[in-house]
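Below is one structure, written out as structure tokens; comments come after it.
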There are 2 protein chains.
Amino acid sequence: MSTDSAGRILDAVLTLLSRHGIGGVSMRAVAREAGVALGLVNYHFTDKTGLIAAALRRIEEQDIALVEPDPDLPAAERLRLALRRVADPEFLTTEYLSLRLQLWSLAQAAEEFERINTEAQSRYRSGLARLIRAARPDLSRYECAKRAADIDVVQNGLWLTSLLGLDRAALRRAVKLCEDIALA
Amino acid sequence: MSTDSAGRILDAVLTLLSRHGIGGVSMRAVAREAGVALGLVNYHFTDKTGLIAAALRRIEEQDIALVEPDPDLPAAERLRLALRRVADPEFLTTEYLSLRLQLWSLAQAAEEFERINTEAQSRYRSGLARLIRAARPDLSRYECAKRAADIDVVQNGLWLTSLLGLDRAALRRAVKLCEDIALA
DNA sequence: CCCGGTATTGAACGCTCGTTCAAACAGCTC
DNA sequence: GAGCTGTTTGAACGAGCGTTCAATACCGGG
């Protein structure tokens, strides 16, 4: 939770996005949720598109942090940690998953949103490839990128499917599948 | 493409949903896209929620048909066909993929949408399990359901990731992964 | 104490939204 | 052709939307 008004407004956007989808995000609803006056939203952010883009960038930063864990750990441990963290109860809440889904689906609404999305996706994937390479220096850079792409597919499926209802056992099997791909 | 006005209206909803997301679907935009007057939309469908729910049901039927292929083929062939069809160029167009994404993200907007989604998902998964069981009668019913769940994860990831940009080789590897899971 | 700029407020604007409805139109039977 | 039933039209309504803006509150430095 943020304390400055701009931060509270961004938090409000993400909360509403997750709760009701883009249809629930109006300038008035955002102001109400953030506990500020309507005019303040347009004071901090030029327009609605800029507001949503700022909220999008804020959440994407958290994603990148997923594949940049504690550098003091041994490489293999860092990789395993990163692969398991996507299935953490912390990230598999309905709020967070539906927020992710809403962010993805925003891409169709404006070109800027799509650019932010694909950029974050490729940053995430190359971060993952770097982790694999550190844990498995015997593999070529190309092979690591390939495996990162395959893991990305399974992880995206894991997120999406668990939003639609996925049992715990299937979830564990998916995480195991990712580890197998990374370390095969 | 439909010829009756109600069908043309549903087509218009799906077109607009895929093109601009839910934000692009207004009663007026739907009427314009379908080439009918505004009032006719509310004549065929009680309100906007009912309209979108009807469009949702229409597209889900196509999905179920994916796992119910030609019953004359041998079981193993039917399974392989179903697994490959999700990666067909016919289904991997941006229009269709972004439509799928929009449908998923609609679940947050109304309880009815969410119910339609999860219901279709479980119908699809059990259809897939039935195909696996027919191809591999030696497996237990439970094992087939497990494999269907695993394949569902990878397929969902395949769809979602290819919307964000996935190379052809990674796509082929994902399809192969599904076949390996089914026939292992 | 007052001044400067930054932060914040809420009323007001024009616009689009979803819904309603009386009217017109089409196809049909008698 | 009159009458009936089911379609189709577009104007109208009130509500909510994003944006603008003059007015107010806050606050550190002169």
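These numbers come from a predicted model, not from an experiment.
Within residues 103-114 of chain B, no residue has a heavy atom under 4.0 Å from DNA chain D.
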As a check on the pairing definition, encode DNA chain C in dot-bracket form, counting Watson-Crick and G-U wobble pairs whose two distances are under 3.5 Å, and using | for partners outside this strand. |...||||||||||||||||||||||||||

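Residues A/F45 and A/L10 have side chains in contact (heavy-atom distance under 4.5 Å, counting atoms from C-beta outward). Looking only at side-chain heavy atoms (C-beta outward), B/Q155 and A/T161 stay at 4.5 Å or farther from each other. Contact annotation: the side chain of A/Q108 never approaches that of B/R19 to less than 4.5 Å [non-hydrogen atoms, C-beta and beyond]. Using a 4.5 Å cut-off on side-chain heavy atoms (C-beta onward), A/L79 and A/L183 make contact.
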Give me, pair by pair, the N or O atoms of the protein and of nucleotides 26-28 of chain C that are less than 3.5 Å apart, along with how far apart they are.
none

Please enumerate all protein N or O atoms sitting under 3.5 Å from an N or O of nucleotides 12-17 of chain C, with distances to 0.1 Å.
unit_1: C/dC17; atom_1: OP1; unit_2: B/S26; atom_2: OG; d: 3.3

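Atom-to-atom, CG of B/L40 to C1' of C/dC25 comes out at 13 Å; the value is rounded to the nearest Å. For A/N42 and D/dT20, the CG to C1' distance is 8 Å, given to the nearest whole Å. One interatomic measurement links the two molecules: CG of A/L16 to P of D/dG18, which rounds to 11 Å at whole-angstrom precision. Per the geometry, CD1 belonging to B/I9 stands 10 Å off C1' belonging to D/dT8, to the nearest Å. What separates CG of A/D47 from P of D/dT19 is a distance of 5 Å, to the nearest Å. Rounded to a whole Å, the NE2 atom of A/H44 is 7 Å from the P atom of C/dA7. One interatomic measurement links the two molecules: CZ of B/R8 to P of D/dT7, which rounds to 14 Å at whole-angstrom precision.
Rounding to the nearest 0.5 Å gives a distance of 9.0 Å between CG of A/L97 and CG of A/L160.
The local environment of CZ in A/R123 is sparse, with at most 12 non-hydrogen atoms from other residues, nucleotides or ligands closer than 6.0 Å.
Under a 4.0 Å N-O distance rule, the pair B/R84/B/D88 does not qualify as a salt bridge. Between A/D4 and A/R8, none of the side-chain N atoms (NZ, or NE/NH1/NH2) sits under 4.0 Å from a carboxylate O, so this pair counts as no salt bridge. A salt bridge does not link A/E68 to A/R78: none of the charged nitrogens lies less than 4.0 Å from a carboxylate oxygen. Remark: A/R57 does not engage A/E119 in a salt bridge, criterion side-chain N to carboxylate O under 4.0 Å.
The phosphate of D/dT7 has OP1 or OP2 within less than 4.0 Å of a side-chain N or O from B/Y43. OP1 or OP2 of D/dT8 sits under 4.0 Å from a side-chain N or O of B/S5.
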Name every donor-acceptor pair, under 3.5 Å, that has one atom in a side chain of residues 25-34 of chain B and the other anywhere in the protein, sequence neighbours excluded.
unit_1: B/S26; atom_1: OG; unit_2: B/A29; atom_2: N; d: 3.1

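The side chain of A/V36 has C/dT9 as its nearest neighbour among D/dT19, D/dT9, C/dT9.
There is no path of hydrophobic side-chain contacts, each under 4.5 Å, that joins B/L128 to B/L81.
Below 30°, between 30° and 60°, or above 60°: for A/Y96 and A/W159 the angle between ring planes is above 60°, a perpendicular geometry.
Residue pairs meeting the salt bridge (charged side-chain N to carboxylate O under 4.0 Å, His left out) criterion with at least one member in residues 139-151 of chain B, sequence neighbours excluded: A/R173-B/D150, B/E143-B/K146, B/E143-B/R147.
Projected onto DNA chain C by closest heavy-atom contact, B/G39 and A/A6 fall at different nucleotides, the more 5' of which corresponds to A/A6.
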